[in-house]
Amino acid sequence: MSIVLTPFARTRLFPREARRNTVQDCTPEQFERHLNDHAPLRVLDGYAPFCKLHVHANWTSTRCLTVPITEANRHQLRSGYEARSREELPVLVRWFEGVQAPRANYLLPILYSREQLAREGSPIDADWGVVGCLYTAEPEEIPMAPITMMRNALGVEEGGSGVPLDRDAYRRAVAFWEANANWRP
């Protein structure tokens, strides 16, 4: 099985200007090589048959993706409209400023099959393409953001995957994201 970073993931996980809330201590090429040279601890099924998550012990200093919202840090939440790429429409997002997450114990690359990536107009020369990565304390997937579920349901034309909305998964995601938020340096 071969794995490559998609251009979408490369810009999000390894931005031109390094940020403390992205993958640390390795280049995109080293990250890709690690995924191909080291078997995952576990493989989790994703939200659709074409999606898998590989659980790896964190070999970097990358910090957890999310921080629990508490009364002590709620005042540090911020929000704004952002797009993940120039082609996508901006959506409302929120994040912490001035809060730093602990070091993640696990990295969970999110993989899409070659066939799905071709369907989305992003062909790859590998079996699987990394479209994102979760940085977690536990070897478990954190719920997809509700807006990402909505975008996926809108279809490929709007930057999604074309997978219909699962109402129960959406409710679980809302419960998680009401109690947690991403952070930015």
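For this chain, numbers begin at 1 and follow the sequence in order. In what follows, every heavy atom counts, from backbone to side chain, and hydrogens, waters and symmetry copies are set aside.
- Atom CG of N105 and atom CG of N58 lie 7.5 Å apart (nearest 0.5 Å).
- Hydrophobic clustering keeps V43 apart from V4 (ILVMFWY residues linked when any side-chain heavy atoms are closer than 4.5 Å, directly or through intermediates).
- For E141, the side chain to side chain contact (heavy atoms under 4.5 Å, CB included) partners are L44, L53, L134, not counting sequence neighbours.
- Taking CZ of R19 as the reference point, atom OG1 of T22 lies at 5.5 Å (rounded to 0.5 Å).
- Side-chain atoms of D25 and S61 form a donor-acceptor pair, as typed in the model, at a separation below 3.5 Å.
- Considering E87, E88, E82 in turn, E88 is the only one that fulfils the salt bridge (charged side-chain N to carboxylate O under 4.0 Å, His left out) rule with R84.
- Within 6.0 Å of atom CG in D125, 12 or fewer heavy atoms from other residues, nucleotides or ligands are found, so the atom counts as exposed in its surroundings.
- With hydrogens and angles ignored, the 3.5 Å screen pairs no side-chain donor or acceptor of S113 with any backbone N or O of W128.
- Side chain of Q30 to main chain of T27: a donor-acceptor pair is present (N/O by atom type, distance under 3.5 Å, no hydrogens or angles).
- Remark: F14 pairs with F31 by the ring-ring contact (aromatic ring centres under 6.0 Å, His included) rule, at least two apart or across chains.
- In this structure, the side chain of W183 engages the main chain of C64 through a donor-acceptor pair within 3.5 Å.
- Other residues, nucleotides and ligands place more than 12 heavy atoms under 6.0 Å from the CD atom of E115.
- Inter-residue side-chain proximity for Y135 and R63 is flagged as unmet; no heavy-atom pair is nearer than 4.5 Å.
- With sequence neighbours excluded, the residues satisfying ring-ring contact (aromatic ring centres under 6.0 Å, His included) with H34 are H38, H56, W59.
- Residues A173 and M144 share a closest heavy-atom pair of CB-O, 3.2 Å.
- In this structure E71 satisfies the salt bridge (charged side-chain N to carboxylate O under 4.0 Å, His left out) test together with R74, sequence neighbours excluded.
- Residues L77 and F96 form a side-chain contact, since some pair of their non-hydrogen atoms from C-beta on lies under 4.5 Å apart.
- Atom CD of E158 sits about 9.5 Å away from atom CZ of R151, to the nearest 0.5 Å.
- For I3 against V130, the heavy-atom pair with the smallest separation is CG2-CG2, 3.6 Å.
- How far CG of D45 is from NZ of K52: 3.5 Å, rounded to the nearest 0.5 Å.
- With sequence neighbours excluded, no residue satisfies side-chain hydrogen bond (donor to acceptor under 3.5 Å, both in side chains) with R12.
- In this structure, R103 contributes its side chain and T60 its backbone to a donor-acceptor pair below 3.5 Å.
- At least one test fails for R78 against the ring of W95: distance under 6.0 Å to the centre or angle within 45° of the axis.
- Listed by chain and number, the residues in a side-chain hydrogen bond (donor to acceptor under 3.5 Å, both in side chains) with S122 amount to none (sequence neighbours excluded).
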